[in-house]
Protein chains: 2
Amino acid sequence: MQLDDRKYLILQAIIDDYITTAMPVGSRTISRKSGVGYSPATIRNEMSDLEELGYLAQPHTSAGRIPSNKAYRLYVDHLIKTVKLNPDERERIHEHLVDKSRRVEGVIRSAADVLSDATKYTSVIVAPKLGTLRIKHVQLVPVAEKTALMIIVTNAGIVKDAMIRVPEGLDADDLYSISRVLTQNLADKPLEAVRQAFAEMLRDAADHRRLLGEALQVIEQKLESEDQSDIIIGGSANLLGYPEYSDVNKARSFLAVLESKDTIRKVLSRNGGMEITIRIGPENQVPALNDCSIVTASYRVGDHSNGTLGIIGPTRMNYNRVISVLDFMGRALSDVLSEYK
Amino acid sequence: MQLDDRKYLILQAIIDDYITTAMPVGSRTISRKSGVGYSPATIRNEMSDLEELGYLAQPHTSAGRIPSNKAYRLYVDHLIKTVKLNPDERERIHEHLVDKSRRVEGVIRSAADVLSDATKYTSVIVAPKLGTLRIKHVQLVPVAEKTALMIIVTNAGIVKDAMIRVPEGLDADDLYSISRVLTQNLADKPLEAVRQAFAEMLRDAADHRRLLGEALQVIEQKLESEDQSDIIIGGSANLLGYPEYSDVNKARSFLAVLESKDTIRKVLSRNGGMEITIRIGPENQVPALNDCSIVTASYRVGDHSNGTLGIIGPTRMNYNRVISVLDFMGRALSDVLSEYK
DNA sequence: CGTTAGCACTCGTCAGTGTTGAGTGCTAAC
DNA sequence: GTTAGCACTCAACACTGACGAGTGCTAACG
């Protein structure tokens with residue numbers, strides 16, 4: 001059996017209705033809808049077909065139908081008609097972003113808030129991976145006897161820092177000049193080149209071998225590892241407003257997932273370029289999120305490095321709106337952050 | 001009517017029981033308890049008295065009694081017998097803290113996790129207020145044409161940074177030497193002295209008046225304002241495990257409060273020195289948290305500046321354990337963080 | 001032959017009802 | 001002063017029947 005136009009129409013109507021009401025939708029409801037000119041009986045026949053094809057499911061006899069994950073997949077692939085955000089909203093979003101743009105992390109945080117606010121779902125933003133950034137400046141600052149704080153500034157204005165041990169007897173001025181050398185040698189180098197540059201430096205400046213060794217180790221670790229603070233979550237309480245989470249246990253396990261940044265990172269794993277990626281239900285690999293959908297987009301900082309922004313919500317999600325918002329937000333974020341470049 | 005020893009004993013037994021079960025406790029339950037050698041009937045008479053005195057309440061006739069806020073207050077003030085954490089646990093906590101002690105914010109974050117893990121409630125930690133810290137180092141780093149990143153390192157190893165505009169025509173070396181001057185002039189100065197020092201600098205170096213002006217403004221703002229990232233929350237999902245939050249709406253409003261850092265800050269407002277502060281139910285001023293108790297302690301960094309750590313849970317909270325954990329944690333945190341000094 | 005009206009059937013929801021058991025307050029006896 | 005006994009209260013629970021939303025099937029209609 002194939003899907004003809006009428007089946008598409010009816011399926012779409014069912015999904016649209018279910019997205020807003022979260023209640024199984026019956027034939028009469030669809031029949032009454034404008035744009036569908038058939039009687040409930042006809043609709044019922046079609047619904048029966050759609051169920052056989054795996055697009056609909058019935059929670060129990062004598063209940064209406066609800067869309068299956070397969071239906072959502074079809075919906076986002078073919079049936080969706082992307083709407084543009086209205087100008088007011090665009091304006092508002094942009095304002096919120098630029099407003100606090102003193103600092104990259106601040107921007108990202110408020111972006112998460114705006115996202116979850118605009119969609120009423122939970123938003124997640126992953127900061128650009130350090131490895132894809134370039135070093136702009138390295139600075140050692142003495143904080144204690146044999147301890148210094150190493151500060152790494154990248155081309156996106158993102159700052160990373162770590163404590164390192166330094167040999168005894170180095171005063172602030174020494175660290176100052178070492179920083180200078182480090183910066184000169186590492187500036188604008190991508191990750192691959194850092195190790196190379198260090199090798200050269202080690203040859204030239206044998207007297208600070210231990211310090212440099214530790215510094216290299218810390219830089220590499222920082223560049224590669226992604227640490228917790230790189231993930232920002234907004235509106236985690238939002239999902240509790242939806243009936244699918246009125247069961248406290250479901251809600252709790254959902255929130256527990258949000259607290260484990262590792263899982264979140266896994267879920268948001270790369271999606272190329274500017275496009276929108278949609279994972280419906282079990283399509284994302286985390287069992288605890290199997291009745292969630294995850295929509296992600298990406299944003300750019302500078303030319304290469306990019307981060308991910310996404311929305312997590314029930315499979316019954318307003319895909320239309322979420323896609324619009326994410327798309328717009330991705331661009332806006334890229335704009336704002338690339339100013340620093 | 002006065003509280004005699006037997007009333008104390010019974011009240012304590014009731015609270016102990018209610019804390020663990022969350023169910024109204026009846027006379028028979030108490031009577032069976034070891035240490036209480038009276039029949040249910042006697043207990044009933046005493047309970048009746050305690051109710052009249054406002055220490056107990058009955059959800060409805062023919063239900064057991066539950067402790068009132070007044071009872072909890074009495075409990076924490078007089079009846080509590082602080083227990084020491086067992087050595088294993090102390091050891092474990094310390095390990096977790098020291099383990100990741102490369103960076104102040106990392107320590108604080110893992111402290112929050114340990115806290116909520118050890119208590120099964122929600123934990124909140126406020127980083128030391130910047131105003132109480134001393135500046136250790138100031139560094140300007142060029143990031144774009146007319147933009148620089150100003151990095152402020154404090155004596156606790158806490159790093160703050162902000163974008164500032166710089167006059168055209170300043171290259172990295174210029175910023176370098178300005179940073180040097182800034183550091184020399186501001187190092188080890190507390191907040192009050194910063195403005196004064198700036199005034200002097202402005203007199204000496206008239207040519208960079210605008211840059212210095214902006215820098216001062218940013219520093220002052222950073223020192224005074226407390227920004228969102230200063231508050232770390234752990235185990236926000238923990239509370240959902242308790243029956244008092246099995247109502248999704250309650251849970252949601254609780255989580256909403258956690259997301260508004262301003263409210264949290266208000267709730268955790270200062271409590272002098274090392275002591276433990278307990279606010280039961282309406283004693284904290286936030287209506288949304290009126291059926292929560294909040295227990296806070298503080299930790300020190302260096303000599304003056306201190307931060308707050310706290311636990312938020314249902315009024316029916318295991319005060320004994322929470323107090324022990326907070327007390328130990330406050331000390332441990334002070335130890336770990338003061339190493340940087 | 002596609003569409004629709006009619007009808008019997010299913011099943012979740014809701015209100016009403018009786019039973020059970022935990023717990024109380026009171027009284028009288030120890 | 002303490003306790004046993006008893007009548008009373010009331011939430012929780014299971015059961016019931018009425019109701020209604022919704023379905024599938026069949027027969028009639030254009």
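Residue numbers begin at 1 in each chain, while the letters A, B, ... track the order of the sequences. Heavy atoms only: backbone and side chains are in, while hydrogens, waters and symmetry mates are out.
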Under a 4.5 Å cut-off applied to non-hydrogen side-chain atoms, are B/S324 and B/D327 in contact?
-> no
For B/R321 and B/A118, indicate whether the former's side chain and the latter's backbone hold a donor-acceptor pair under 3.5 Å.
-> yes
Please check the phosphate of C/dT4 (OP1 and OP2 only) for any side-chain N or O of A/T42 closer than 4.0 Å.
-> yes
Length of the CG-P vector between B/D49 and D/dT2, whole Å | 12 Å
Tell me which of B/R6 and A/R28 sits closer to the 5' end of DNA chain D, going by the nucleotide each one is nearest to.
-> B/R6
In B/S/- notation, 5' to 3', how is nucleotides 25-30 of chain C contacted by protein heavy atoms closer than 4.0 Å?
-> B-----
For B/Y38 and D/dA4, give me the distance from atom OH to atom P, rounded to whole Å.
-> 14 Å
In chain order, what residues pass the side-chain contact (heavy atoms from CB on, under 4.5 Å) check against B/T21, with sequence neighbours excluded?
-> B/D17, B/M23
Would you mind reading off the distance between A/R32 atom CZ and D/dG22 atom C1', rounded to a whole angstrom?
-> 12 Å
Salt-bridged, B/R73 to B/D77, with N to O below 4.0 Å?
-> yes
A correct 5'-to-3' footprint of nucleotides 11-19 of chain C, with B, S and - meaning base, sugar-phosphate only and no protein heavy atom under 4.0 Å, is BS-------
Would B/R92 and B/D88 pass as an ion pair if we require N to O under 4.0 Å?
-> no
Specify the separation, in whole Å, of atom CD1 of A/I10 and atom P of D/dT23.
-> 12 Å
When you check the gap from the basic side-chain N to the acidic O, do B/K250 and B/E244 get nearer than 4.0 Å?
-> no
Charged N to carboxylate O under 4.0 angstrom, A/D16 versus A/K33?
-> no
Under a 4.0 Å heavy-atom cutoff, the residues of residues 242-251 of chain B touching DNA chain C are none
Student check: side-chain heavy atoms of A/L258 and A/T263 closer than 4.5 Å | no
In numerical order, the residues of residues 13-27 of chain A whose heavy atoms come under 4.0 Å of DNA chain D are A/G26, A/S27
Within this structure, what is the CG-to-P distance between A/L56 and D/dT23, rounded to whole angstrom?
-> 10 Å
Please give the angle, rounded to 10 degrees, between the axes at the start and the end of the helix from C/dC1-D/dG30 to C/dC30-D/dG1, where five pairs define each axis.
-> 20°
For the pair made of CG in A/L50 and C1' in D/dT23, what is the distance, rounded to whole Å?
-> 15 Å
Atom CD1 of B/I43 and atom P of D/dT3 are separated, to the nearest Å, by 9 Å
